[in-house]
Each structure stands twice: as structure tokens, then as C-alpha cells.
2 protein chains.
Amino acid sequence: MNSILLPSRGRVTISEVASAAGVSKASVSRYIGGDRQLLAEATAERIAQTIERLGFRPNQMARGLKRGRTRLIGMLVADILNPYSVAVMHGVETACQRHGYTLVVCNTNRDDEQECRHLAALQSYNVEGLIVNTLGHHAGELKDLQNRLPLVLVDRQMEGFEADLVGLDNTQAVRQAIDHLQQRGYRDLLLVSEPLDGTSSRQERAQAFRTQIAANPSLKGRLLETNGDFTAKLKTFLTEPGPGPKAVFAANGMAALTSTASLRELGCRLFEDIGLIALDDLDWYPLVGNGGITALAQPTEAIGITALEYLLARLNGSRSAAQRMAFPAELRIRGSTQPRIS
Amino acid sequence: MNSILLPSRGRVTISEVASAAGVSKASVSRYIGGDRQLLAEATAERIAQTIERLGFRPNQMARGLKRGRTRLIGMLVADILNPYSVAVMHGVETACQRHGYTLVVCNTNRDDEQECRHLAALQSYNVEGLIVNTLGHHAGELKDLQNRLPLVLVDRQMEGFEADLVGLDNTQAVRQAIDHLQQRGYRDLLLVSEPLDGTSSRQERAQAFRTQIAANPSLKGRLLETNGDFTAKLKTFLTEPGPGPKAVFAANGMAALTSTASLRELGCRLFEDIGLIALDDLDWYPLVGNGGITALAQPTEAIGITALEYLLARLNGSRSAAQRMAFPAELRIRGSTQPRIS
DNA sequence: CTGTTAGCGCCTTCAG
DNA sequence: CTGAAGGCGCTAACAG
């Protein structure tokens, strides 16, 4: 009954299969390597049965060691608890599957030191390429790594670091948000963002917001980060006089969560007292307030798939200049931005 | 400028370090293997500098091949898009980190065939142990695997399959839910579950619900799965006469999402017309309806950590009978179960 | 078509 | 304390 708990040490190897089948290791290797055409029908059949009988599984580590190809792709995720990251990861995984690669994921946990450690770990396991959702520090390490491995960045780029990048067209997304809000009659906007810690996508969104607000005289806009006494500052925004109806623009899913929680806490009627639009579209947006939260959805699956495809291109020898893919966001209108009279 | 895009083939190996430092491969090996005590101070120092200078990283694959230890743990996740899975995974990862292991995650995507494929893949990469959130089919495969590797199950067990298991105390969680609802004055309950497809945790929750309702004459209870015309059936529940105030008990996060969406669609006032309690506690629960959704939180982090610890025990040679850890859920009361007069 | 021979990068006796 | 030699499981030329 407890035989179950006795992992019999020593897996069956190619040698055992070879001798059991009465052929050479090379033949078995050819069989499992897909060179079945080079084998006589009978030999192949005999090997097949022996493999089946013994439950042989080729050791990918050993294969990788010899061939220099591990069929492993590494992915570094800044925060696995962030639905965006998981969604992109899902896309990468789908594409990996499609191309016969296995994905190894490491979670940085927003920690610089772990980013370093995991980068080293991934490398030491001979991943063939890397998809990185970086924190934005460690330019040195990454540059160094890029000399050894193809590498593509997701969502976040780094200053002075040339690499393929796939993410969102932040400027356009911000434009869509502002246009939509303005069209719906909002005039006094607040961009809520997680702390501007250098993360490029956050910076880009904030910068685009500032620029576009500055260029639009009929709108007023402020920026607020979700740290510190966020709720208090949000209250200030709500109460101070402005040019017209107020709306919050949450720069990502976390900001949307925080903003909504604080608005509730402040006793706002959602969304009669204030409008809300959020970047990212999380599955609970439709459930909040009166009619749900209007969203700008990122094509996360496509972002993941494209990231892997860029990587594959490099693996196949592409030497072109760094590519950039900036996907457009998709506006999904819900109750939080109902038309209103200004 | 484009040197960045030229992954120089061929990483630096132990041999190069050895000759560059003027020592033997063995010495370098001893250095990186932690046998620094066996080396002369001067030799160690010289090796250290050479390694640094050349940017040498030991190839874990090769080490694994030789030593039989890869320091790799595999995890099979049924659905990476499920926040529960991700949360547990986060716990596993934390523990891995703590013990010097690297986690390789594969996502089954709720697909039987992929479960098989990934199981094979993981094994072929010489993971030392496996943490499995299985779909519950493939008892054969898993049993077979367990003969080679330590393996611990998370959340879901399999009939006739003896293995360490860590998850929730479903019976107690259901009891907590029912007790709470009853205490708050609800009398007519509806358990909403994702399809009962054999997933053990779903079955257990459904079974516990039936049993406890049957044993409690003052309560009426029905079970509804989220497939088919769920909303229509939910409407039936809402309109048909019952013994008193009605409440929905969502058996997990997905069920909570679906239920809430349907309740809104049906025009229910949340949560004056109906009560709601949900298993799992997702970050958006506080934002919904009047005061948020009451939850039974699972200690996901602890579940993940415990799973890895069980695995480590096996890796360290433990041969005890299969262990089971069933964590209690934690009740977090919110507005969806306000006191009411029956 | 098939077997033999070298290693891939590293660790591990076993002698110095 | 250190080096030389052999081999982990597998593949890749070469010869047959």
C-alpha cells in the first residue's frame, strides 16, 4: 500500500532501452529524436514497444546539454498577483505550447534583488530565451544577459536598453480615455496611478495625460498616486471646485481597485457623483456601482503571443533592429461613464 | 549598437575558468560546489576573481545530470486564470525561494490532454518533485508518476490515489457559511457551484451542503451549477416561495462572479433583496453592492507553503503514510449578509 | 539502415 | 590541498 510512497530511484535510460530492445543507443536516440525515417520498420516497432514497456522518458536535461537546445523559455514576471501579468503569461504559454516550448516562470515579487537572482537562475537552467516584465532597474544585468540570450521586454521598457518590446500604446490609450470622458461631459479629471517608481508604462501614461490635458483648454487634470493618504487627497479632489463634472481615470487595475474602494469609503454614489474609467479590464468591473466600470482593455493574450513570436524570430537568427509593438486598447463602455449634462 | 542583438553563442564553461585561473576543473567545481573549505585561501580567491571576470555561471543542467539533483520543483496548475491557483502558487514560490529551489509552472488550462503532456514535460526536465492541482482524471498517469517522484496534491484529491494533500477543510467551511447565514436570518439557501465535473473540492462542498441542509429542518437548500441557463434558474430560485429570506452561497470565486453578475442582471438590489456569501476572498469583494460580499477566505499562502513543505519532507526521505492538511477558512463579514428579521 | 566513438558541462572518486 | 580520469543520459558525426 505504501509502495506509492517509494519513488524508485533511477529512471530508465536510453541504454536500458537499447539493450532491452537489442539495438544500439544511437537507434533509440534516432527514434525519439524523430528520425524515424532512418529506421527499419521492424526496428522502430521494436523500440517503440520497449519504450512503452519500460516507461522510458528521454531526459531533456541531457538532451539539452548535448544539443544546446533545451526548448525552455524563461519568463520573469514583476508581480504574479497582478492579473495583467497573469493574462500576458497565459498568452505566452499558449504560444509556447504551439511551438513546442516549455515555459519557466519566475516571479520577481516587485523585488529588485529577486529579479537579479531569478535572472541568474533562469540563465543557469539554459533557457533559450527570456521574456521579461522588468522592474526597470538592473539595466546592467539585463544588458549583460542580452549578450547571451535573446530577450524581449513586456509592458515595460528601460532607458538606454535596446530590446524588442511589446506592450500597449499608452499614449493612444490615454487619448481614448480622455476623449471618451470629455465626450461624456466630464471636465475635471484625476489620473490615479500606482506610485511612479520608474516603471515605464506608468510614466508614459502619466506623461501622456499631462501633455494631453495641457493641450486641451476645456479640461482640467491632476495626477494622484495611490500611496500615502490617498483617500484624503481624493477627497480634496472631489470637494474642490472645478470646471465641471469630475471623473477619475485609473491607470491600471490596481489603481481602479484602490480608487473604487476609496470612493466608496468617501460615500460617493457610484457613479452619479463621479465618473470612472480604468485601464485594464478585470472581470469584476461590470459588477461595481451603477452599471459597472468603463474600461480600456489591453489585448493581453495577443501581447503574450507576440512577445513569444518576437523571441522565436530572434532564436531563428533575426538580427534586425529592436522591434516595438504597441497594441491599441479597446474601449468598453459601462455605467461609470454615462452621458451627463455639463 | 546592435551588438546587443548578437547573443554570442557558447557560454563560458568551467574549463575556461579553470585554465584562465591556472587551476584544474576539479578545483573550480569544488569552489562553486561550496567545498571552499577544501581549497587554499589563495586558490579560492583566484578562482573567485576569474569567475567574476569571465561572468561564469554554472550550468545547472549539467550539474543536475551528474548529481541527480536539479533543485527544480514542478507545479501543475489547473487554471492559471483562477486567482486561487495563482495565490497558492505564490505561496509555493515563496517556500521554494526559501529552500533554494526553482519553481517550474505548467498550466493545464483545464484540459485533460495538456495535463498529460505537461506531466511528461515536467518529468523530462528532471524536476525533483511535483505539486499538482489536478483535474482529477488520469489516475493512472499520476500513480505511475508517483512511483518516480514525490508528489503532493493541492485542493483536489483523486479517488483511489494515496498522496499527500493540502487544501481547505471544505466541510467546516460549508458549516461556517450555513451557520453564518442562518444566524443572520436567512432560511432559503442556494449553493452556486461551477459544474460538478469530478473536481473533488467542488464535490465535497456540494456534499457537505446537502448533508448539513438535510440535518437542519429550519433551512431549505438547493444546489445550482453555473452552466446552462444559469440566470433563468437563479430567477426561479428568487421568485419561488420559500421558508424565509433567501441567500446565495457561492462555492468559489468564479461562482461568486457569475452569481453577482446574474443577480444584477435580474435587477436584484444587492444585498437587500438577497444575501450572499462566497468561498474565497477576492480583492474586489468589498466593492460590490451595499457593503461588499461576505467571504470565507482560504489561507492560500499557507496552503502553498505547506504543500512545498510536505514535498520537501518526502524529498528528505520521509516514508510516512499520506498526510492531509485541511486548513480552516476565515469568515470575513461584509454587507452582503447584514442581520435581517426572518 | 545501424553501430561505434566522442564528447556536451559538470561532479566525484582516487591518487598524488 | 589539488589534479587526472571516468561517467551522468544523450546526440552527432563517422564508419560500416
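As a basis for the values below, the full set of heavy atoms in this structure was taken, side chains included, without hydrogen atoms, waters or symmetry mates. The sequence lines fix the lettering, A, B, ..., with proteins before strands; numbering per chain opens at 1.
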Peer 1: Among D:dT2, D:dC10, C:dG9, find the nucleotide with the atom closest to the side chain of B:K66.
Peer 2: C:dG9
Peer 1: For A:F56 and A:T13, which heavy atoms make the closest approach, and how far apart are they?
Peer 2: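 The answer is CE1-C, 3.6 Å.
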Peer 1: Would you find a donor on one side and an acceptor on the other, under 3.5 Å apart, between the side chain of A:E115 and the backbone of A:R110?
Peer 2: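 No; zero donor-acceptor contacts below 3.5 Å.
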Peer 1: Could you run through DNA chain D and flag its stems, i.e. three or more consecutive Watson-Crick or G-U pairs with both distances under 3.5 Å?
Peer 2: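 DNA chain D forms these stems: C:1-4 with D:13-16, C:6-16 with D:1-11.
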Peer 1: Any side-chain heavy atom of A:T306 sitting closer than 4.5 Å to one from A:F327?
Peer 2: yes
Peer 1: Between C:dG9, D:dT11, C:dG3, which nucleotide gets closest to the side-chain atoms of A:V23?
Peer 2: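 Of the candidates, C:dG3 comes closest.
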Peer 1: Does the A:K25 side chain pair with the main chain of A:V17, one donor and one acceptor, at a distance under 3.5 Å?
Peer 2: no
Peer 1: In whole angstrom, what separates B:I14's CD1 from D:dG3's P?
Peer 2: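 Checked: the CD1 to P distance equals 12 Å.
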Peer 1: Does B:D164 pair with B:R314 as a salt bridge, N-O distance under 4.0 Å?
Peer 2: yes
Peer 1: Once you apply a heavy-atom cut-off of 4.0 Å, does A:L38 come out as touching a base, just sugar-phosphate, or nothing?
Peer 2: base
Peer 1: Please give, in whole Å, the distance from D:dC10 C1' to B:Y125 OH?
Peer 2: 14 Å
Peer 1: Take atom P in C:dC1 and the same atom in D:dC10, then report the distance between them in whole Å.
Peer 2: 25 Å
Peer 1: In this structure, how many angstroms lie between the C1' atom of D:dT11 and the CD atom of A:Q60, rounded?
Peer 2: 13 Å
Peer 1: Quick check: do B:L76 and B:N133 have side-chain heavy atoms less than 4.5 Å from each other?
Peer 2: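 No. Closest side-chain heavy atoms not under 4.5 Å.
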Peer 1: Return the residues of residues 24-37 of chain A meeting this criterion: a heavy atom under 4.0 Å from some atom of DNA chain D. Order them by number, or give none.
Peer 2: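 A:K25, A:A26, A:S29, A:R30, A:I32 - these, ordered by number, are the residues of the stretch whose heavy atoms sit under 4.0 Å from the strand.
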Peer 1: P atom, D:dG9 versus C:dT2: distance in rounded Å?
Peer 2: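 After rounding to an integer number of Å, I get 25 Å for this pair.
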Peer 1: Can you measure A:E41 atom CD to C:dC1 atom P for me and round it to whole angstrom units?
Peer 2: 10 Å
Peer 1: Is it true that a side-chain atom of B:D35 and a backbone atom of B:L38 form a donor plus acceptor pair closer than 3.5 Å?
Peer 2: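 Such a contact is absent between B:D35 side chain and B:L38 backbone.
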Peer 1: Can you tell me if A:R63 touches the phosphate of D:dT11, counting only side-chain N or O atoms and a distance under 4.0 Å to OP1 or OP2?
Peer 2: yes
Peer 1: Closer than 3.5 angstrom, by distance alone: can the side chain of A:N107 be matched with the main-chain N or O of A:N109 as a donor-acceptor pair?
Peer 2: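 At least one qualifying donor-acceptor pair exists.
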Peer 1: Walk me through whether A:E45 and A:Q49 qualify under side-chain hydrogen bond (donor to acceptor under 3.5 Å, both in side chains).
Peer 2: CA-CA 6 Å; A:E45 183 54 30; A:Q49 290 180 358; 3.0 Å; yes
Peer 1: Nearest whole angstrom, please: distance from the C1' of D:dG9 to the CE of B:M61.
Peer 2: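 So the two atoms are 13 Å apart, to the nearest Å.
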Peer 1: What's the CZ-C1' distance between A:R67 and C:dC8, to the nearest Å?
Peer 2: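 The distance from CZ of A:R67 to C1' of C:dC8 comes to 13 Å, rounded to the nearest Å.
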Peer 1: Can you tell me if B:T13 touches the phosphate of C:dC8, counting only side-chain N or O atoms and a distance under 4.0 Å to OP1 or OP2?
Peer 2: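 The answer is no; no side-chain N or O of B:T13 sits under 4.0 Å from OP1 or OP2.
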Peer 1: Show, in sequence, the C-alpha distance, side-chain angles and deciding distance for B:R71 and B:Q60, and conclude whether the side-chain hydrogen bond (donor to acceptor under 3.5 Å, both in side chains) test is met.
Peer 2: CA-CA 9 Å; B:R71 291 294 185 175; B:Q60 297 294 352; over 6 Å; no
Peer 1: When the distance from CZ of A:R57 to C1' of D:dC8 is rounded to whole Å, what number comes out?
Peer 2: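 Those two atoms, CZ and C1', are 20 Å apart.
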Peer 1: Pick base, sugar-phosphate or nothing for A:L65, based on heavy-atom distances below 4.0 Å to the nucleic acid.
Peer 2: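 Touches a base.
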Peer 1: Starting from P on D:dG9, measure out to CD1 on A:I51 and report it in whole angstrom.
Peer 2: 16 Å
